[in-house]
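Here the structure is laid out as structure tokens; the discussion comes afterwards.
When reading the values below, keep in mind they use all heavy atoms of this one structure, side chains included, and skip hydrogens, waters and symmetry mates.
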Amino acid sequence: MDKTKEALSSVLPVSLIILVLVMTVAPVSLETCLLFLAGTVLLVVGMGLFTLGADAAMMPMGEVMGRRLVQTGKPLIMVLTFFLVGVLVTVAEPDLTVLATQVPGIPNAVLIWTVALGVGLFLVVSLLRTLWKISLRWVLLVLYGAVIVLSFFVPREMLAVAFDSGGVTTGPITVPFILSLGMGLSAMRQDSRESDSFGTVALASVGPVLAVLILGLVYQNPEAQYTAPAAAALADSRDVLETFLKAIPHYCGEVLLALAPIGAMFLIFQLLTRAAKPKTLARIGVGLVYTFLGLVIFLTGVNVGFLPAGRQLGLNLGASAHNWVLIPLGALLGWFIVNAEPAVHVLCVQVEDATGGAVNRKAMGRALSIGMAVSIALSMSRILLGIPLYAVILPGYALAFGLSFGVPDLFTGIAFDSGGVASGPMTATFLLPFAMGACEAVGGSILLDAFGVVALVAMTPLVTIQLMGLKYQRKLQRTELPEEGPDEILEYDVSPYLNREVTSHG
């Protein structure tokens, strides 16, 4: 019930905003409205079940494997395991499938496997970074430098697709498992710090960007054009239920395909190592059932109910005489929609636990909402004004890396992880079609202007989370220690997220 109430508070605000829009300034067909209302109910139920399952199964599985792998002390086994985990959890990630079906000119399977290999390779990079104690900041600087250099040699259309691929890769299945895998790995390393617990998702996000840019060297001139999906035709209200029921088997297959490799790998790992106790195994088994049911219900609701509503809403607003309203409305939708991303809740809980409450869920949620609002406003501005993606991406990443030299390492890791987490199924199935509809209405290029919204959603949290870290750091620096009497012993807890010790004065 707690998880359902949490999901309701996350989904209801954005659903009410969309409902008000479609009933006033941007009317949609009755079929689309009915599907959207039914999809909202499924979103609430699905998110509640998924977050319960992630807590009970996905995170414990990743943490157990990460801890045990370090204990083996065999680098080759660790490298192979991390690579296989990265490929297997990505190849059937629902968000990636949604994006691949909307990218013209590249076969779906080619794009999916390219992204999966990128995630696998860069999970290995994340493993080696943790074991060799290399600063995340410098690794990301080198990798993003390579992205910038490579981007000058590929078509402009592929740039947005590459950045979008990095964003959608880290979806609701990938994030809980990979995030806990990194935390379990760092927890077993001697002299480990809280900042070492984060950064795995960040590196798993940059891998696909580089991989798709390399793919862009092959697909230099994709000739296929984007084709909008056909709207559903409903004869009566009963057809709404039938539409969802027909979609459920498809998403059952998708989620089962995504969870099965993770479950099988953990089972083999358990048989070989006996790392988890029977009670933990039972809890994980029940959690996997919750995860499966939650994701099936959630993905059915968001794909069948929200995707057509997003496209029609963007199309109608973009075709209006006052299409500039897309910018403030986009910001408003972005502020609330980030709370409806399942993986965001997982990250916020992990951050609060890892920092002992020093960085709480409310502060994380507020920083992510600000970042999402700014990203959608920028995306709508790009569509209306024809601003190149590079004109936004380059200054954004320059600011993010500049901030990384002035904030604690922990906030840099959290920020770059947040970028991947914020761009989940709600972004891929509502905001991207919303941008495509608006772009189509104003006569822009889908590949150049609409694609890129996921890239901006993944970029802005890098800035807002680190600004939050800067605020915390300055707050501590302004704190002055009081004068002590000769017999007093005072203790000052100067916050665990800065990796400092408690100091006693007497």
For [Y], is there any backbone N or O sitting under 3.5 Å from a side-chain donor or acceptor partner on [X]?
| X | Y | result |
| --- | --- | --- |
| Thr464 | Ala367 | yes |
| Arg68 | Ala275 | no |
| Asp449 | Cys439 | no |
| Ser126 | Phe122 | no |
| Thr90 | Ala116 | no |

Just verifying a value: how many Å separate [X] [atom1] and [Y] [atom2], rounded to the nearest 0.5 Å?
| X | Y | atom1 | atom2 | result |
| --- | --- | --- | --- | --- |
| Asn339 | Ser9 | CG | OG | 7.5 Å |
| Arg283 | Lys279 | CZ | NZ | 9.0 Å |
| Leu128 | Ile134 | CG | CD1 | 7.5 Å |
| Glu254 | Asn303 | CD | CG | 7.5 Å |
| Ile297 | Leu299 | CD1 | CG | 10.5 Å |
| Lys362 | Glu352 | NZ | CD | 10.5 Å |

Beyond-backbone contact of [X] with [Y], side-chain heavy atoms, under 4.5 angstrom:
| X | Y | result |
| --- | --- | --- |
| Ser418 | Leu347 | yes |
| Val28 | Leu315 | no |
| Phe416 | Leu203 | no |
| Phe306 | Ile18 | yes |
| Arg366 | Met468 | no |
| Gln466 | Ile414 | no |
| Pro433 | Gln312 | no |
| Ser135 | Val139 | no |

Closest non-hydrogen atom pair, [X] against [Y]:
| X | Y | value |
| --- | --- | --- |
| Leu88 | Pro261 | CB-CB, 3.7 Å |
| Gly406 | Leu470 | O-CD1, 3.6 Å |
| Leu19 | Cys33 | CD1-SG, 4.3 Å |
| Leu49 | Gly294 | CB-CA, 3.6 Å |
| Tyr472 | Ala363 | OH-CB, 3.9 Å |
| Val344 | Ala422 | CG2-CA, 4.2 Å |

- Run through Leu295, Val289, Leu293 and flag the one making a side-chain contact (heavy atoms from CB on, under 4.5 Å) with Thr291. Leu295
- Message: Given the ring of Phe401, does Arg137 sit roughly above its face, with NZ or CZ under 6.0 Å from the centre of the six-membered ring and within 45° of the axis?
- Response: no
- Query: Passes side chain to side chain contact (heavy atoms under 4.5 Å, CB included), Val453 versus Phe434? Steps please.
  - Reply: CA-CA 10 Å; Val453 61; Phe434 177 74; over 6 Å; no
- Could you go step by step and tell me if Met61 and Leu288 meet the side chain to side chain contact (heavy atoms under 4.5 Å, CB included) rule? CA-CA 10 Å; Met61 285 167 61; Leu288 282 174; 4.1 Å; yes
Listing, residues 322-337 side-chain donor-acceptor contacts under 3.5 Å, not counting sequence neighbours, or none:
residue, atom, partner, partner atom, Å
Asn323, ND2, Gly318, O, 3.4

- Under the side chain to side chain contact (heavy atoms under 4.5 Å, CB included) rule, what do Arg311 and Leu307 come out as? Steps first, then yes or no, please. CA-CA 7 Å; Arg311 183 180 175 277; Leu307 193 151; 5.6 Å; no
- Query: Would Phe292 and Tyr251 count as a close aromatic pair, with their ring centres under 6.0 Å?
  - Reply: no
- Message: Tell me if the aromatic rings of Tyr144 and Trp138 count as close, with their centers under 6.0 Å from one another.
- Response: no
- Query: Would Phe298 and Leu42 satisfy side chain to side chain contact (heavy atoms under 4.5 Å, CB included), going step by step from the backbone distance to the final call?
  - Reply: CA-CA 6 Å; Phe298 181 90; Leu42 294 182; over 6 Å; no
Donor-acceptor pairs under 3.5 Å, side chain of residues 371-378 to any protein atom, not counting sequence neighbours: which ones?
residue, atom, partner, partner atom, Å
Ser375, OG, Gly371, O, 3.4
Ser375, OG, Met372, O, 2.7

- OH/Tyr290: more than 12 non-hydrogen atoms of other groups inside 6.0 Å: no
